[in-house]
Amino acid sequence: MGHEVSTGHEVSKSGEVPAGHETPVSREVPRRENPVTGLAPVWSRDFALFFVARALARLGDTMLPVALAAGLLQHGYGAGAIGLAMAASAAPFAGLVIFGGVIADRFSTRKLMIGADLVRLVTQALAAGFFFAGHVVLWQICAIGAVNGAAGAVFQPGVASTVPRLAADVQGANGAIRIAESAAQLAGPALAGLLVAFSSAGGVFAAHAATYALSALCLLLLRLPPAAPGSRPHGGSFRGDLVVGWREFRARSWLWGVIVIWCVYMLFISGPTVPLVATEVVQQHGASAYGLVNSALGAGTVVGGLLALRLRPRHMLRAGSIALFAFACFPASVGAGLGVPAMSAGAAVAGAGMSFWGVMWATSVQTQVAPDVLNRIHAYDVAGSLAMMPFGQALAGPAATVLGADTVLLVAGAMTLVVCTSLLLVPAIRNLLRVDPSVRLPRTAPAMRRPARRADR
């Protein structure tokens, strides 16, 4: 989730069995076309395009903290300004993503994602111009971040419903995308550090804008299969769709239970960790060292994604919660003042745990929730998950001033243990059984093969 958000987090007409009563199916999806959906298990031309688009978007996103930290520090701003700039993007994203979920359920998700990428192409190009010109005003950077956050709120809900429409093996597809995003995270910070060293922060923003352009191109070439019958609301009001999404969300105790706990995670762990780690490492060891630490985090997430491809736990959220304990190593290693090699090792271990949790969570949502409400459920999931992140980021600077950045990061490491323990203590989360989407039957109609593929216009 991170910010990912994973972000990060779903019976109804689609034929899902009610949460808590699923038939456990732990075998792997056969490596052939699924007889119900007509989809390949994972790889196809269209999934490959989506795979590349997600990798490119992640590459740019992992470059951004380096650009903000180095660029704002260079222009005389401190940790508080960096946290505020990050919060300026996270706040509108968290506040508007619920509405983005309704929009995604009513219109073409592909077109919405392309439009959002094009908006962010323009805003990041504008930011690059400010940094190249040496005219950097905090409110302008925050305003650009706010527009980016609003565009992301339109983009993100469609991601959840796109994966099941492109691949029959949802966990395998999520694992592959996680590896792509992780490889991007491995390269992104290091590339950003080099661009800062040999060019300027403006070069990083220009590169970020280019990643959105390429992502939009991949999505433009993508042909989505038609949505499952009844997977889009018809004739309801916008407010009515919001209410239906909320009722579906509230009916799943495992889902909202994770979100409540994740608010604590964002406020005390992820929110302060991102700006404070950036500030501490850049100030003490330089932008290149920060790029190295973040690359180690990316390497760890690659390992976590590979593990998620191989392991098929019967209780996915239980396994993910256990893996998440490893994230404590990241803020704790920086807060303890360890050297760059030790911080990199802690980041790698943390990345593996977070990545494995992310795949388990995303797959649980996509396989437990009906297609007709998945975008809205995912939007409520993302909004709830990230609701506290802007507060955590904005309060990072003041907390570091009062307590010291090292102390705040050590507290973040300790709170990780509290969060993971809390996840395991909730029976609805701990005992949720995996569902194989290839064998789920509709409630009201027999399973049907998907219609012939056609482009989603």
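Distance CZ/F268 to CG/L395: 9.5 Å, rounded to 0.5 Å. In this structure, the separation between CD1 on I261 and CG on L423 is 4.5 Å, given to the nearest 0.5 Å. How far OG1 of T162 is from CG of L222: 7.5 Å, rounded to the nearest 0.5 Å.
Side-chain atoms of N148 and Y212 include no donor-acceptor pair closer than 3.5 Å.
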Check residues 319-334 and write down every donor-acceptor pair under 3.5 Å in which the side-chain atom is one partner and the other belongs to a residue at least two apart or another chain.
| unit_1 | atom_1 | unit_2 | atom_2 | d |
| --- | --- | --- | --- | --- |
| S321 | OG | L317 | O | 2.7 |
| S333 | OG | C329 | O | 2.9 |
| S333 | OG | F330 | O | 2.9 |

Can I get a per-line list of side-chain donor-acceptor pairs under 3.5 Å for residues 127-146, giving both atom names and the distance, sequence neighbours left out?
none

Using a 3.5 Å cut-off and no angle test, enumerate the donor-acceptor pairs between side-chain atoms of residues 403-415 and protein atoms at least two apart in sequence or in another chain.
| unit_1 | atom_1 | unit_2 | atom_2 | d |
| --- | --- | --- | --- | --- |
| T407 | OG1 | L403 | O | 3.2 |

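Here the closest non-hydrogen pair linking M316 and S364 is CB-OG, 3.8 Å. When all heavy atoms of V52 and C218 are compared, the closest pair comes out as CG1-SG, 3.7 Å. Among all heavy-atom pairs drawn from L292 and S344, the shortest one is CG-OG, 4.1 Å.
In this structure, the side chain to side chain donor-acceptor pair (under 3.5 Å) partners of Q171, at least two apart in sequence or on a different chain, are R434. Checked against side-chain contact (heavy atoms from CB on, under 4.5 Å), V260 has the following partners two or more places apart in sequence or in another chain: W256. Not counting sequence neighbours, Y380 has no partner by the side chain to side chain donor-acceptor pair (under 3.5 Å) test.
Both tests pass for R120 against the ring of F155: distance under 6.0 Å to the centre and angle within 45° of the axis.
With contacts defined as side-chain heavy-atom distances shorter than 4.5 Å, the pair L64/F205 qualifies.
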